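Structure first, commentary second.
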Number of protein chains: 2
Amino acid sequence: MASCDTCLVRNRAICAVLDGDELQSLNKIGRTRNIAAGEALIWEGDDSLLVANVMEGVLKLSTGTGDGREQIVGIVYPADFIGRPFGARSQHTVTALTDARVCTFTRGDFDGFARQHPELEHKLLQRTLTELDRARHWMLLLGRKSATEKMATFLLEMSERLVDASCRATDGPLDHFTLPFGRQQVADILGLTIETVSRQLTRLKADRFIDLPSRRDIVILDRQGLADLTG
Amino acid sequence: MASCDTCLVRNRAICAVLDGDELQSLNKIGRTRNIAAGEALIWEGDDSLLVANVMEGVLKLSTGTGDGREQIVGIVYPADFIGRPFGARSQHTVTALTDARVCTFTRGDFDGFARQHPELEHKLLQRTLTELDRARHWMLLLGRKSATEKMATFLLEMSERLVDASCRATDGPLDHFTLPFGRQQVADILGLTIETVSRQLTRLKADRFIDLPSRRDIVILDRQGLADLTG
DNA sequence: CGTGGCATTGATGTGGCTCAACGATAGTGG
DNA sequence: CCACTATCGTTGAGCCACATCAATGCCACG
């Protein structure tokens with residue numbers, strides 16, 4: 001059974017504001033669940049039956065048009081919260097990019113618990129406000145940036161956000177990291193095609209901004225140079 | 001002095017969850033402020049000194065690149081909440097599109113009040129979750145839709161969201177409405193140029209989907225036809 | 001009756017998409 | 001361990017949607 005005592009994200013997830021007793025109550029209504037890479041947890045348009053905390057792994061939030069075009073609208077890391085509490089239909093699909101472990105709650109259970117624990121709601125509000133800032137910032141990239149600017153922005157953002165996901169003790173951005181995405185997914189994040197993503201990467205490599213030791217590995221050689229390309 | 005008693009959005013803004021006494025306390029720390037069309041209330045990167053409820057008018061949230069490209073990342077209507085509570089820097093500029101009246105609070109005052117009124121925070125959380133859904137949905141439009149699809153989506157969305165702002169008593173989407181935007185602003189919402197916006201509109205008019213009685217007026221002639229174009 | 005700020009329209013250019021082929025890598029089974 | 005195959009990524013050629021550049025038109029204003 002799930003135990004918050006051993007939870008790796010105990011101090012970073014929204015549960016961090018709860019004391020021992022509260023945590024135990026939450027523990028009772030939660031269920032640990034493993035998800036294989038590629039497996040979906042929540043589907044767009046579904047009644048949002050469950051919410052969850054991510055303990056391990058990386059997941060994507062995505063929507064698509066009727067004819068199969070897809071846009072990734074969010075990336076979820078350990079300690080992040082997923083799902084849509086408080087009575088609304090889920091607006092996007094949640095899919096695991098790597099094998100993942102999440103701590104799930106039925107929406108009803110979670111809503112009830114949250115209403116009785118304002119501290120938890122407050123934490124959730126802060127997270128949601130941050131996510132909203134991030135989403136709006138990404139709208140600038142999608143609406144106004146060139147392919148090169150998109151790529152540079154993406155690489156720098158990844159080098160910052162993957163810090164926690166990595167095993168590094170140090171702070172600060174990483175100069176070497178492994179993307180949890182294939183090329184198609186990068187394309188779906190940036191609003192580009194797979195070919196354009198590939199060409200941009202090879203060009204950035206040729207120009208000595210980055211190195212590409214393997215399919216999913218990125219080495220940042222010239223961080224300032226990349227920053228100058230972000231637009 | 002501001003009085004919540006006569007506030008037009010009393011029952012729709014986040015204040016709706018407050019009872020008489022609470023409202024009076026909130027009233028004490030709030031200040032009504034008039035903003036002229038075109039005037040900015042909050043600047044990107046500023047310490048977020050104030051938050052506000054919109055009582056009247058329409059405002060935009062926007063960000064831009066260093067070289068002047070702009071992206072509108074949100075549109076704010078009466079009863080909506082603006083600003084970034086809880087200690088973060090504001091990530092976008094807030095500018096009035098029409099003459100507006102807002103009910104402002106210093107961030108510190110509001111934060112304190114909110115922490116003592118979980119019902120208010122809950123309402124704010126719900127609003128923020130809805131805004132996040134909306135922002136993410138817009139990312140699909142920016143990243144993956146063609147100019148025609150963008151325009152059709154935009155017109156239908158406006159016909160729905162301007163219902164409240166209009167004086168109409170009826171529910172349901174409007175078939176005739178006045179945009180609070182010029183062409184440049186529509187372009188900045190959709191991630192297009194002003195010329196493309198203009199051409200798309202004239203084409204939709206020529207194809208009898210809409211009529212354009214004046215610069216900012218839109219008449220929807222074929223709602224289903226437009227819906228078929230949204231992608 | 002100008003005058004200045006939008007909006008429309010046209011001509012031309014180009015960044016990124018499409019279509020197509022090829023190459024690399026990881027996984028599989030002999 | 002290696003050949004085989006499926007999947008993923010790269011590269012190239014050509015094209016098209018949208019951007020850019022440049023007039024011209026339309027009101028609303030003084």
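Protein chains get the first letters and strands the later ones, always in sequence-line order, with residue 1 at the start of each. All heavy atoms count here, side chains included; hydrogens, waters and symmetry mates do not. Quick caveat: nothing in here was measured; it's all calculated off a predicted structure.
- Rounding to the nearest 0.5 angstrom, the gap separating the CD atom in B:Q91 from the CG atom in B:L61 is 12.0 Å.
- Heavy-atom nearest nucleotides on DNA chain D were determined for A:R144 and for A:Q184, and the one closer to the 5' end corresponds to A:Q184.
- The interatomic distance linking B:L212 (CG) with D:dC26 (C1') rounds to 14 Å, in whole Å.
- Without hydrogens or angle criteria, B:D80 side chain to B:Y77 main chain gives a donor-acceptor distance under 3.5 Å.
- At a threshold of 4.0 angstrom between heavy atoms, the contacts of B:L192 are confined to the sugar-phosphate backbone, with no base atom among them.
- Judged purely by atom type and a 3.5 angstrom limit, A:Q185 uses its side chain to pair as donor or acceptor with the backbone of A:G182.
- A:R199 places its CZ atom 19 Å from the P atom of D:dC8, with the value rounded to the nearest Å.
- Interface remark: the A:R216 side chain does not form any donor-acceptor pair with the D:dG9 base, using a distance-only criterion of under 3.5 Å.
- Between the CD atom of B:E195 and the P atom of D:dC18 there is a distance of 14 Å, given to the nearest Å.
- Per the geometry, CG belonging to B:D217 stands 15 Å off C1' belonging to C:dC6, to the nearest Å.
- In this entry the distance linking CG of B:L142 with C1' of D:dC18 reads 15 Å, nearest Å.
- As a whole-Å value, the separation of B:K145 NZ from C:dC17 P is 17 Å.
- For A:W138 (side chain) and A:G74 (main-chain N/O), no donor-acceptor pair under 3.5 Å exists by modelled atom type.
- Taking atom CD1 of residue B:I194 and atom P of nucleotide D:dA23, one finds them 18 Å apart after rounding to whole Å.
- When rounded to the nearest whole Å, the span between NZ of B:K150 and P of D:dA17 equals 15 Å.
- Mapping A:R215 and A:Q200 onto DNA chain C by nearest heavy atom places A:Q200 closer to the 5' end of the strand.
- Closest to the A:T196 side chain, of the nucleotides C:dA7, C:dC17, C:dA11, is C:dC17.
- Proximity of A:S146 to the phosphate of C:dG15: no side-chain N or O atom is located under 4.0 Å from OP1 or OP2.
- At the phosphate of C:dT9, neither OP1 nor OP2 sits under 4.0 Å from any side-chain N or O atom of B:S198.
- In this structure a side-chain-to-backbone donor-acceptor pair under 3.5 Å is missing from A:Q200 to A:V197.
- The side chain of A:R183 approaches D:dT10 more closely than any other nucleotide in the set D:dC18, C:dG16, D:dT10.
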